Each structure stands twice: as structure tokens, then as C-alpha cells.
Amino acid sequence: MPFGARFCLVIWAFLALCPSVFAQEAPQTVAYLAGSERNSALTSHMMNLLTDALGDDAEIRRFQPGQTSQSDGSVIITLGPEAFTLVRQESRTAPILALLVDEPFIAGYAERSAGDIGAVLYNSPLIRQAMAGKVILPHATRVAMLATPESVELYEALTPRLPELGMEGRVFIVSDNDDLIPALVRALEYGDFLLAATDSTIYNPRTIKHILLTTYRRSRIVIGPSQAYVKAGSLASTYVPLRTTAESAAQQLAVFHQTGRFPPPVYPDEFQLEINDQVARSLNIPLPPREELRATIASRLSNSTEGAHE
Amino acid sequence: MPVTNPVANSSFHCFRRSGLSVPFALMVATATLLPAPAQADSDAPTPDFSGLGSVEPPLPEVLTTTRLRQPKSRVPGTTTIIEGDLIRDLGVMNLVEVFRLVPGMTVAEVGSNNPVTSYHGTVHYEQRRLQIQVDGRTSYRASLSDTDWHTMPVPLELIERIEVSRGPNSAAHGINAFLGTINIITRSPDDTAGVQLGAASGSRGYLRAFGSVGEASAPYSWRLAYEKRQSDGFDKQIDGGEFYPFNDGHNINTFSYDGIARLSDQISLDLRGGVVDGINEEDLRKNGKLGATDNPDIMVDDYYLQTRLNVTTSTNHFFHFQVSFQNYQRRQRWPICISGPQIDSLLEGNPPDFDFEPGDCSAGDDPAPLIADLNEDIEESRLEFEIQDTLYFNPNLKLVSGLGYRRDTFRSETFFNGRGNNYQSRAFGNVEYSPFQWLTLNAGGNWETTTTTDEGYFSPRVAANFIINNNQAIRFVYSEAVRTPDAFEQTPDWSYRPRNVQAPYKFLEGVRFRVEDLVDPTTSTFGIDLDEERIISREISYFGQFYMDSALLSLELRYFNDQLRDMISGVINEVDWFIANNVGLDQEGFEMETSVDYAGTKLRATYAYLDQNGWYTGDPDALDAGDQDYVVELLGRLSVRHSGSFSWIQQLPFDLTSAATFYWADEFRRAQFERADFRIARRIYAPKYSYELAVTMQHYLNRDQDLSPDNIISDHNQFFVEAGVRF
């Protein structure tokens with residue numbers, strides 16, 4: 001008998017005699033991952049990261065349309081608002097862990113279906129973004145923000161917290177399209193930097209060119225709302241790495257499996273900082289190394305939170 | 001929840017089907033289960049924006065290299081940037097006063113309160129050794145090459161920033177960028193949508209009103225702006241130990257229209273146009289000529305048109321083509337009264353007696369005097385073309401190159417006996433090469449021909465910037481530049497033709513009295529060709545920025561050593577005309593510009609030290625010793641040994657902002673200039689509008705007049721109030 005065949009026989013025998021060994025190491029749960037058809041690379045990448053984060057405790061399978069009717073209550077992990085909406089339309093009772101969504105999008109669902117809908121938010125909390133602005137411009141005392149009447153509540157929780165960072169803030173309301181530039185100009189007169197939340201009514205592909213160019217010409221900077229905007233010309237933004245998102249998702253799943261309920265949507269504590277070095281150089285803003293800035297932001301946020309709790 | 005072990009099964013099936021060896025199969029299985037190489041997750045972030053494409057919309061890269069400004073650390077020379085916000089926060093009341101904030105620049109008033117500014121001084125009248133551009137439009141006058149700051153169509157509210165390149169910059173901007181370059185950049189109509197109104201009023205009849213309205217949209221943005229500038233000028237003048245009223249105010253109105261049409265993502269078209277209209281008062285006693293009996297006020301009527309086509313072919317290549325036309329029209333007419341014996345003596349060919357005093361002559365005198373009108377009307381226009389191409393071969397190698405053509409036309413019966421033209425053509429280029437992160441090399445030059453001398457000139461500049469930690473740089477710069485004589489210096493055909501002549505001298509109507517025949521013949525150089533002035537400049541400068549706990553410190557130091565040769569100096573008026581390439585200057589010194597931004601506090605300081613030595617290099621027999629000293633001294637009238645400024649802007653509670661600024665220049669011809677400005681402003685931001693109220697006090701610490709004894713301000717405290725609204 002060739003060596004290969006003999007080796008295979010040994011393996012078969014081992015499997016037949018020791019099933020309990022494998023039963024103990026096998027995943028206990030299955031979760032389905034619903035990604036975007038338009039970006040299968042992202043879905044595959046997240047599949048790997050989630051598998052890595054969950055280890056042997058769970059298995060991740062690709063979500064198939066109609067899955068919710070067969071999954072017997074398995075958690076469905078969605079990537080992005082589009083995937084979430086599709087799954088949600090398919091079943092209003094299936095437990096969903098939403099990833100790569102922002103708070104304004106998921107907050108309503110999470111509130112209405114408390115426990116059944118969990119989320120790991122991909123956007124950065126505004127207080128962290130504001131701190132990033134303060135660390136980059138240590139002399140900053142005023143934060144300007146732009147919002148529509150509908151999105152102004154995005155900044156509601158932030159404004160009273162800015163004094164903790166040694167700053168104050170003001171939201172400039174944009175009532176309609178024609179109002180954007182006048183409001184922006186007034187905002188830039190007020191603020192040392194413009195803090196941008198994930199607010200597609202203000203910051204979107206149609207407006208971002210105008211906002212960034214006007215801000216740059218005024219020698220002001222934009223902080224946020226995300227990595228993609230930093231590439232476009234925003235000076236900096238904190239962001240949650242996908243690996244951190246996956247690890248946080250694993251924690252949410254663990255809680256769900258223990259309690260049968262998801263906790264409210266969470267911002268992962270770990271974050272990274274993206275910087276547009278070219279814009280910083282052009283505006284003559286000296287920047288320490290990225291990791292040093294990130295550590296300073298984290299440290300000051302920690303101190304600020306501790307101080308607030310005291 | 002169903003529990004299965006699909007991983008083991010699938011791996012196994014794979015193994016069975018493939019027939020591969022178990023170790024290899026296990027390796028494959030393991031590899032597929034491990035995470036893919038992190039793209040967006042590594043500890044040292046390498047962003048993968050495409051990864052979030054499903055949750056974020058695709059965004060254009062807005063601030064590409066084509067739109068970014070060159071950082072100071074890589075600029076081939078020291079540049080001061082004054083932001084428009086700083087100008088407004090400090091309560092600067094006139095455009096020219098901004099330059100008191102620039103190290104090495106001096107500001108003064110000559111004649112009937114006509115502002116003049118220079119970098120590293122030289123002459124006070126007809127200061128013409130700076131290239132001055134407004135939005136890329138050459139803005140000094142075509143014939144005399146000096147600058148009329150009163151009528152510059154730049155409202156303070158519309159200044160985005162002013163960049164002053166300190167040191168010869170002919171390599172980039174051509175002849176006349178001899179001592180430096182002022183580049184005034186106004187706000188884009190993209191950034192001024194909405195309505196803005198403002199007004200300021202204060203001492204000595206100061207009044208400024210501003211209004212603008214505009215819209216910004218993707219296909220077209222526009223702005224219409226108006227500004228009124230009015231002042232009574234200085235309070236009084238002194239003549240023969242007695243004080244007299246000083247007719248030296250101005251009342252200027254400017255209208256401007258700016259538009260940007262975006263023809264595609266890669267092509268945009270800038271459109272600009274403006275009109276300047278008003279009166280610049282000239283005083284009879286100060287500027288009255290040839291028996292003037294009334295103030296020779298200047299009526300201003302200017303306009304300009306400008307268009308610029310911007311084409312971006314890629315992120316690494318863009319160019320623009322610009323055309324501008326400017327027309328300056330000055331109408332200056334005054335009545336004269338010359339006594340009968342004086343005019344008769346002149347007509348008999350005797351040397352003229354120019355000792356006129358107001359009141360010496362009147363229409364009823366016996367014998368009858370010459371009663372007529374004289375004028376110094378002039379119309380100047382400039383047509384300018386420029387194409388500039390920028391090419392980024394790679395991030396470390398950039399080339400800027402271009403061609404320019406200019407036609408200066410001047411029409412004046414008095415100064416040129418008709419019409420004249422000067423033509424200038426130039427080619428320029430600059431290569432920036434960064435072979436290492438710590439080194440940036442610049443080499444550039446400008447080749448230019450001009451019909452004023454019918455010669456061509458090459459002005460080179462080379463620079464090496466050694467960059468330390470991205471935040472500090474040491475520059476070594478060598479540059480050469482020339483200034484060619486202007487049209488009036490080189491080709492004057494100056495005469496006066498009496499108009500509206502009354503009896504009994506009606507026969508003199510339109511008769512030409514040539515200044516060439518009037519000036520002192522023993523010293524006259526009238527009609528003698530002048531050569532170009534030359535400068536060789538060497539600069540060692542340092543630029544650094546540092547974080548200091550909660551503050552940002554910026555420091556720029558400049559050492560310079562300049563050799564100026566064949567400098568043109570002398571006197572040109574209707575009595576004397578002796579100018580020549582007759583002075584050499586050596587100058588060296590150092591300058592400092594620093595700012596500290598604390599939370600809520602901004603401190604800024606400048607200092608300049610200038611050691612300038614001049615000597616007469618002209619024909620020893622052309623001028624006597626006194627006049628030789630005089631022409632050397634004239635080239636130092638705006639040069640001061642020590643000068644500087646200190647500013648402190650402080651945010652205060654209740655939306656208040658205070659500013660305190662101290663300016664000094666030690667010292668001009670007569671005294672040092674010392675002034676402290678204090679401003680307190682309250683800016684309120686309402687949901688739909690914001691408004692500002694401010695009070696400014698200017699306190700003159702030194703009450704002696706700096707340059708001219710006539711520039712008398714009676715009260716050493718001057719007050720101004722401002723109000724503005726934006727919505």
C-alpha cells in the first residue's frame with residue numbers, strides 16, 4: 001500500500017475512533033454574513049476577519065437570499081446599510097448584527113427592536129474627532145459644525161462636552177442648497193476647524209468639493225467624517241479599523257449568545273487616525289508622527305472621560 | 001442553534017477530490033482560514049478606501065497636488081503670508097497699511113497724502129521696484145511704474161491673503177520684481193455667496209462702505225462688490241513756519257464683478273471686471289505747479305477686464321491662459337496765473353522763475369497776467385497675456401514654465417506729447433527637484449525683452465532647501481534681477497500747453513512749453529538713455545514650526561546680502577531733470593517673523609534690520625558734491641535701519657475679541673514711526689446671519705512726522721467704529 005493511502009487510512013481510523021475530540025473543538029454557532037454584491041472583496045475580507053476574531057466558537061457562512069426562513073434564529077451579520085436593509089426586509093424578527101453602519105442609520109432600528117438589533121458603528125464618535133482636531137491644532141478653541149435642520153441633532157450631544165476639551169462649538173444651519181456656502185463661510189469665520197459628522201445631507205460627493213476648496217482657501221481644516229473624506233482633502237479623521245470592527249462584533253455575538261439580546265450599538269474603543277499629509281504640509285501645519293497623535297488623542301480622551309466622571 | 005463541523009468536512013472533501021498530499025492540503029486549508037493580508041487594518045495604517053465602497057459614496061480627490069500650495073519649507077525664498085482674517089482682526093483701515101506687518105517693508109505718505117510702500121526702501125516718490133499683482137494682474141502703472149494704492153480695486157473684506165516674496169523675484173515674475181513681489185489674492189466667488197455689508201467711520205473724515213452679493217453653484221459662481229473709500233487726509237500742513245489746511249483727501253468708489261464658469265471637471269473660466277471712479281485731492285500749496293491758483297485734484301476713472309482659462313488635464317498636469325486689459329485714466333487740470341513780467345521774461349527766452357506762491361498773482365493785476373488752464377492728464381493701458389504650464393513628472397520633480405507678453409500704452413499730451421507704447425515678452429521656468437526627503441532644489445529663470453531699452457535680460461534664481469523633520473528648513477538662495485527704466489524716465493516728451501487762455505495772452509493757446517527747455521541746463525540729463533538697474537541677492541533663511549504644549553510656534557529668519565548696481569536716482573520735475581544710473585548700493589541685514597498660537601491667543605512679531613550703504617557712481621562732473629550726496633540720499637528715503645511690529649489677538653468672553661498692535665520704523669528722514677492700534681470687536685453668530693461691531697483706536701506714540709513735515713495729525717489718538725453683517 002502506498003504511503004499516501006496508508007496515511008489516509010490512519011486518519012480515517014483516528015476520526016472514527018475519536019469523534020468526541022472533534023465535537024469539542026467544533027464551532028458551537030453559525031452566523032451568516034450578508035455583504036455587498038458590489039464589493040465582494042470587502043465581504044471576503046470581513047469573512048476572514050470575523051472568522052479570525054470568533055475563533056472556533058462560531059462559524060461564519062455566506063448569507064443567501066431566503067436564509068432567514070431557514071436559519072432557525074441564527075444571527076445575521078450585515079455589512080453596510082444596504083445589506084442591513086435587504087435582510088431586514090426579508091425578516092423583521094431575525095437577530096441582526098449590523099456592521100459598517102453609522103449611528104444615525106441604525107439608532108432607530110436598534111431602539112425599536114431593542115435586543116434583536118445590535119451594531120458595531122464604523123463612524124467615529126464626534127468627541128473623538130473633536131479631540132483629534134484639538135491635538136492637531138492645539139491652539140484651537142472653537143469648533144464649527146454644519147448641519148441641516150434635520151441633522152442638527154447629530155451634534156447635540158457633542159456641543160456641551162467640548163468645554164472638557166478646552167473648546168466651544170457652534171452649529172451653523174444650512175436650510176437649503178443655496179445656504180451652504182454662506183453658512184460655511186460664517187462657520188469658517190467662527191471656528192478654528194470644521195468638524196464633520198457622517199451627515200450625507202451636508203457631506204456628500206456633490207458638496208464635498210466645494211466645502212473642501214472653500215475651507216482650504218480660508219486656510220482652515222476639516223476634521224472627519226471618515227477615511228474616504230481624508231483622501232478627498234479633509235485633513236484628518238479617526239476611524240475604526242476593520243479588524244477592530246470584527247473583534248468588537250465577536251464580543252457582541254458572545255453577549256448575544258449568553259443573554260439572547262444584543263447590547264445597544266457600540267463604538268469600538270480602539271481606533272486609528274488617518275491624515276492627509278499633503279494638505280497638512282501645504283497649510284504649513286506641522287504634524288507629529290501619526291501614531292504619536294493617535295496615542296495623544298486616546299490618552300486625552302481617557303483623561304477627559306475620567307475627569308467627566310469625577 | 002445547529003452545530004456542525006463543516007470546516008473539517010469541506011477540508012477533507014477537498015483533500016479527497018484533489019488527491020493532494022495531506023500536509024499540502026492542510027497548509028492550503030490553514031491558509032484559506034487565516035485572514036487575508038490586512039489592507040485597512042494593520043497597525044501602521046495603509047488605508048484601503050475601496051474597501052468601504054459599499055458603505056461610503058465614491059468621492060473625488062478634491063485637494064490634489066494641482067490645487068495645493070507649495071509648503072513654506074520648499075519655497076525658494078522667504079515669503080510672508082498675511083491672511084485676510086488677520087488684516088480684519090487687527091483693524092487695518094487701508095490696504096497699504098497691511099505691509100507694516102511684513103518684515104523689511106516700510107509704509108509712508110508722499111505729496112498730498114499718496115501712500116507708498118517698499119521692501120528695503122529706496123526712493124519715496126515713484127516707488128517702482130516691486131512687482132505688484134492682484135489676482136495675477138500686474139497692478140503698477142504702465143508709464144511711471146509706481147503704484148496708486150488709493151485706487152487699488154481691492155476691498156479689505158475680499159482679501160483672501162497677501163503673499164509677499166521678500167527678495168528679487170524676477171525669475172518668476174519678470175523685471176520690476178526687483179526688490180520683491182506683492183501678490184494680492186482676493187476671495188473666490190465660490191466662497192462669497194450670500195450678502196455682506198459693512199461700514200466704518202472715524203477720525204479725519206475716514207469712511208469706508210462695503211457691500212457684496214453673490215451666488216455659488218456648480219456651473220457658475222459670481223460676486224458683485226462695491227466699496228467706497230473716503231478720507232480727509234492729514235489735518236494740516238506747514239509752510240514757512242505757518243500751518244495751512246491740507247487738501248489731501250480722497251473719495252474713491254470701486255465696483256467689481258467676479259465669476260467662475262466651470263465648463264467641465266477639467267476646465268474652468270475666471271471672469272473679472274471692475275471700475276474705479278473718484279477723486280484724489282492734491283493740494284495747491286504742496287503740488288501746485290507753474291502758478292497754480294486752485295487745487296490740482298486728480299479725477300480717477302479706471303477699469304479692468306480679466307479672464308483666465310484653467311485647464312487640468314490630469315492630477316499631474318495643468319495650465320492656465322490669462323488675458324487682462326487695464327485702463328488707468330487720470331484727469332488733472334488746474335488754473336494758473338503767472339504775472340505779466342514773469343511770462344514776458346519767459347517768452348523772451350530768459351530762464352524761468354518758478355518761485356510761485358499762492359496769492360502772488362490774480363486776474364485783476366496790472367499788467368495783466370497769464371490766465372490759463374494746464375493739465376497733466378494721462379491715460380495708461382496695459383494688455384497682458386500669460387500662459388503658464390505646471391507639470392509634475394513625479395512627486396519629487398516639478399516644472400513650472402510659461403510665456404508672457406505685455407503691451408503698455410500711454411497717452412498724454414503733457415508727458416508724452418501724444419501716445420507711446422512699450423512691449424515686453426518673456427519666457428520663464430522653474431524646476432523643483434527633491435532628490436531626497438531632506439533636500440529640495442529649485443532652479444529657475446526669466447528671459448525678457450523690452451522695448452524701453454531694446455535689450456533682453458535673463459534673471460536666474462537657484463535655491464537649495466535643506467529640510468529637517470518636515471517642519472524645519474534652511475534655505476540658501478541666489479538670485480539676480482533687473483529693473484528697466486519706465487517709459488517716463490526713458491522717453492519723456494514733457495511739455496505744457498496752456499488752454500482756455502485769456503487776453504492778452506490768447507496767442508499762447510495750445511502753444512507747447514517744453515520742460516526740456518525749462519529745466520536747469522547745467523544738470524539736465526533730459527533725453528539721455530538710461531540702462532537697467534541690477535541686483536544680485538544672496539539669502540540664507542530658516543523656517544521652523546514647533547508644537548509647544550498647547551501652542552504652535554512658527555519662526556522664520558532671513559539673512560540677506562544684496563548688491564544693487566546702476567541704480568537710477570535723481571530728480572524729475574519741471575525745474576530739474578537729472579536722473580542717471582548713478583548710485584551703487586550694498587545692503588545686508590536680517591529679518592525675523594514669528595507667531596505663537598495659544599488657545600484663544602495669537603501673538604505675532606516681526607523685526608527687520610537693514611544696513612544700507614550707497615555711493616555715487618555717476619559722472620563726477622555731472623553733479624556737484626551736494627547733488628551727488630543728494631541722489632544717494634534719495635535712494636534711502638524709505639530705507640530704515642530698524643523696523644517691526646508686534647500683534648496680540650485675544651479671544652474674550654461674550655464673543656469679544658481684542659487686538660493690540662504696535663508698529664515702528666526707526667527711522668525715516670525726519671523721525672521714527674511709532675503707532676499702537678487697539679481694537680475690540682464683538683461678533684455675534686445668529687442662526688441665519690452674523691454681525692460684528694468694533695471700535696479701533698490708533699495711538700501715535702511719536703508725534704513728529706516721519707517723512708514729510710506736512711503730514712500733520714493733530715490728535716495723536718484716532719478713533720474708528722465699524723459695523724458689518726453677513727447673511
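Protein chains get the first letters and strands the later ones, always in sequence-line order, with residue 1 at the start of each. As the structure is a computational prediction, the values presented were derived from the model and not from experiment.
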Flag the one option from [options] with the top tally of heavy-atom pairs under 4.5 Å to chain B.
{"options": "A:Leu212, A:Asn284, A:Leu188", "answer": "A:Asn284"}
{"options": "A:Gly233, A:Ala246, A:Ala53", "answer": "A:Gly233"}
{"options": "A:Val135, A:Ile173, A:Leu184, A:Val185", "answer": "A:Val185"}

Counting only heavy atoms closer than 4.5 Å, note whether [X] contacts chain A via side chain, backbone, both or neither.
{"X": "B:Lys602", "value": "neither"}
{"X": "B:Arg187", "value": "side chain"}
{"X": "B:Tyr689", "value": "backbone"}
{"X": "B:Tyr598", "value": "backbone"}
{"X": "B:Ala686", "value": "backbone"}
{"X": "B:Asp85", "value": "side chain"}
{"X": "B:Gln651", "value": "side chain"}

Region of [X] in contact with chain B, defined by heavy-atom distances below 4.5 Å:
{"X": "A:Val171", "result": "neither"}
{"X": "A:Arg170", "result": "side chain"}
{"X": "A:Asp178", "result": "neither"}
{"X": "A:Ile285", "result": "both"}
{"X": "A:Ser282", "result": "both"}
{"X": "A:Asp102", "result": "neither"}
{"X": "A:Arg142", "result": "side chain"}
{"X": "A:Leu287", "result": "both"}

Going by heavy atoms in the side chains, are A:Tyr239 and A:Phe271 under 4.5 Å from each other?
no

If only atom types and distance count, is the side chain of [X] paired as donor or acceptor with the main-chain N or O of [Y] below 3.5 Å?
{"X": "A:His45", "Y": "A:Ala41", "value": "no"}
{"X": "A:Ser234", "Y": "A:Val222", "value": "yes"}
{"X": "B:Asp135", "Y": "B:Thr186", "value": "yes"}

Result of checking B:Thr80, B:Thr79, B:Thr78 against B:Glu593 for side chain to side chain donor-acceptor pair (under 3.5 Å)
B:Thr80

Go through B:Ser550, B:Gly194, B:Gly544 and name the one with the most non-hydrogen pairs under 4.5 angstrom from chain A.
B:Ser550

Report the option among B:Asp191, B:Asn471, B:Ile81 that has the most heavy-atom pairs separated by less than 4.5 Å from atoms of chain A.
B:Asp191

So, A:Tyr190 versus A:Phe172, ring centres under 6.0 angstrom or not?
yes

Less than 6.0 angstrom separating the ring centers of B:Tyr691 and B:Phe727, yes or no?
no

Determine, step by step, whether B:Arg726 and A:Glu189 satisfy the side-chain contact (heavy atoms from CB on, under 4.5 Å) criterion, reporting the C-alpha distance in whole Å, the side-chain angles of both residues, the deciding distance to 0.1 Å, and the verdict.
CA-CA 11 Å; B:Arg726 182 193 289 279; A:Glu189 278 181 356; 2.9 Å; yes

Salt-bridged, B:Glu692 to B:Arg682, with N to O below 4.0 Å?
no

A:Glu59 and A:Arg61 ion-paired at < 4.0 Å:
yes

Over all heavy atoms of both residues, which pair between A:Thr43 and A:Gly35 is shortest? Give the atoms and the distance, please.
OG1-CA, 3.5 Å

Would you kindly say whether A:Ser226 and A:Ser237 are connected by a side-chain donor-acceptor distance under 3.5 Å?
no

